[in-house]
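What you see below is based on every heavy atom in this structure, not just the backbone, and it leaves out hydrogens, waters and symmetry mates. Note that the numbering runs from 1 along the sequence shown for the chain.
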Amino acid sequence: MRVGIGYDVHKLVEGRELILGGVNIAYEKGLLGHSDADVLVHAVMDALLGAAAFGDIGKHFPDSDSKYKGISSLKLLEYTASLLEEKCYAIENIDATIIAQKPKMSNYIDKMRENIASVLNIDKEQVNIKATTEEGLGFTGTGEGISAQAICLLK
């Protein structure tokens with residue numbers, strides 16, 4: 001059994017779509033990044049890569065590589081899943097937290113779970129996603145950005 005932890009953060013800006021867990025969320029701002037800047041999927045990928053001792057998303061998908069410009073993070077997650085499969089790792093579970101003052105995430109969480117589980121070819125029940133605010137504190141609390149944390153168990 002192997003455990004991995006992941007973390008990601010991106011700045012909120014105008015003129016970008018807000019994509020979390022592969023879901024386009026109606027909001028006045030989106031996350032700035034080289035790809036679609038999906039902090040939730042990025043945190044999940046880093047947890048999975050870390051558990052397998054495969055490095056991190058920067059190693060596999062550098063922001064200096066133009067082929068990743070604007071790419072869906074679910075496509076990157078698909079590649080991550082193939083790396084795990086090559087080494088015969090099985091995902092036991094993923095637990096993730098989105099940290100954002102706004103927007104509210106509750107209406108989107110089930111679809112995020114479905115998207116992640118589908119790409120990883122695991123049951124939705126193996127993916128848990130929570131959302132919390134920071135009570136107005138820090139960069140996420142003031143609405144400057146969104147972060148996510150994830151932990152996973154591989155066997």
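Atom NZ of K102 has 12 or fewer neighbouring heavy atoms from other residues, nucleotides or ligands inside a 6.0 Å radius. Within a 6.0 Å radius of NZ in K104, other residues, nucleotides and ligands contribute 12 heavy atoms or fewer. Enclosure of atom CD in E85 is not indicated, since only 12 or fewer non-hydrogen atoms of other residues, nucleotides or ligands lie within 6.0 angstrom.
Taking 4.5 Å as the limit, some side-chain heavy atom of D110 sits within range of a side-chain heavy atom of R113. Counting heavy atoms from C-beta outward, L31 and L12 have side chains that approach closer than 4.5 Å. Residues T80 and F61 have side chains in contact (heavy-atom distance under 4.5 Å, counting atoms from C-beta outward). Using a 4.5 Å heavy-atom threshold, the side chains of P103 and L18 count as touching. Counting heavy atoms from C-beta outward, I146 and I98 have side chains that approach closer than 4.5 Å.
Two different hydrophobic clusters hold V3 and L154 under the rule that ILVMFWY side chains link at heavy-atom gaps under 4.5 Å. Residues I71 and L49 share a hydrophobic cluster, clusters being chains of Ile/Leu/Val/Met/Phe/Trp/Tyr side chains in contact below 4.5 Å. Hydrophobic clustering (side-chain heavy atoms under 4.5 Å, transitive across Ile, Leu, Val, Met, Phe, Trp, Tyr) keeps I5 apart from L77. When hydrophobic clusters are built by joining Ile, Leu, Val, Met, Phe, Trp and Tyr residues whose side-chain heavy atoms come closer than 4.5 Å, directly or via intermediates, I19 is not grouped with M112. Residue V9 is not grouped with residue I25 when hydrophobic side chains (ILVMFWY) are merged at heavy-atom distances under 4.5 angstrom, including chains of intermediate members.
With H60 contributing its side chain and F54 its backbone, the two residues share a donor-acceptor pair below 3.5 Å. No donor-acceptor distance shorter than 3.5 angstrom exists from the side chain of H10 to the backbone of D36, with no hydrogens or angles considered. Distance alone, capped at 3.5 Å, places no donor-acceptor pair between the D38 side chain and the S72 backbone. For Q149 (side chain) and T97 (main-chain N/O), no donor-acceptor pair under 3.5 Å exists by modelled atom type. Using a distance-only test at 3.5 Å, with no hydrogens or angles considered, no donor-acceptor pair links the side chain of E17 to the main chain of G30.
With rounding to the nearest 0.5 angstrom, the OG atom of S118 is 8.0 Å from the NZ atom of K111. The structure places CE of M105 at 10.5 Å from CD1 of I99, a figure rounded to the nearest 0.5 Å. Remark: C152 SG to I122 CD1 distance equals 9.5 Å, nearest 0.5 Å. Taken from CG in L32 to CD in E14, the straight-line distance is 12.5 Å, to the nearest 0.5 Å. For the atom pair E134 CD and Q101 CD, the distance stands at 8.0 Å (nearest 0.5 Å). In this structure, the separation between CD1 on I116 and OG on S73 is 10.0 Å, given to the nearest 0.5 Å.
Of all the heavy atoms in R16 and A37, the pair that sits closest is NH2-CB, 3.9 Å. The minimum heavy-atom distance linking A51 with G4 is given by the pair CB-N, 3.5 Å. Considering all non-hydrogen atoms of both residues, I94 and I91 come closest at CG1-CG2, 4.0 Å. What you find for L74 and V119 is that their closest heavy atoms are O-CG1, 3.7 Å. Shown here for S147 and V39, the closest heavy-atom pair between the two residues is C-CG2, 4.1 Å. When all heavy atoms are compared, the tightest approach of R2 to A53 is NH2-CB, 3.5 Å.
Using modelled atom types and a 3.5 Å distance limit, the side chains of D8 and H42 yield a donor-acceptor pair.
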Practice task
List the steps and the verdict of side-chain contact (heavy atoms from CB on, under 4.5 Å) for I129 and L40.
Solution key: CA-CA 9 Å; I129 299 171; L40 175 59; 3.8 Å; yes
Practice task
Before giving the answer on side-chain contact (heavy atoms from CB on, under 4.5 Å), spell out for V44 and V127 the whole-Å C-alpha distance, their side-chain angles and the decisive distance to 0.1 Å.
Solution key: CA-CA 10 Å; V44 167; V127 179; over 6 Å; no
Practice task
Given salt bridge (charged side-chain N to carboxylate O under 4.0 Å, His left out), test K59 with D56 step by step and report yes or no.
Solution key: CA-CA 5 Å; K59 173 183 174 182; D56 62 16; over 6 Å; no
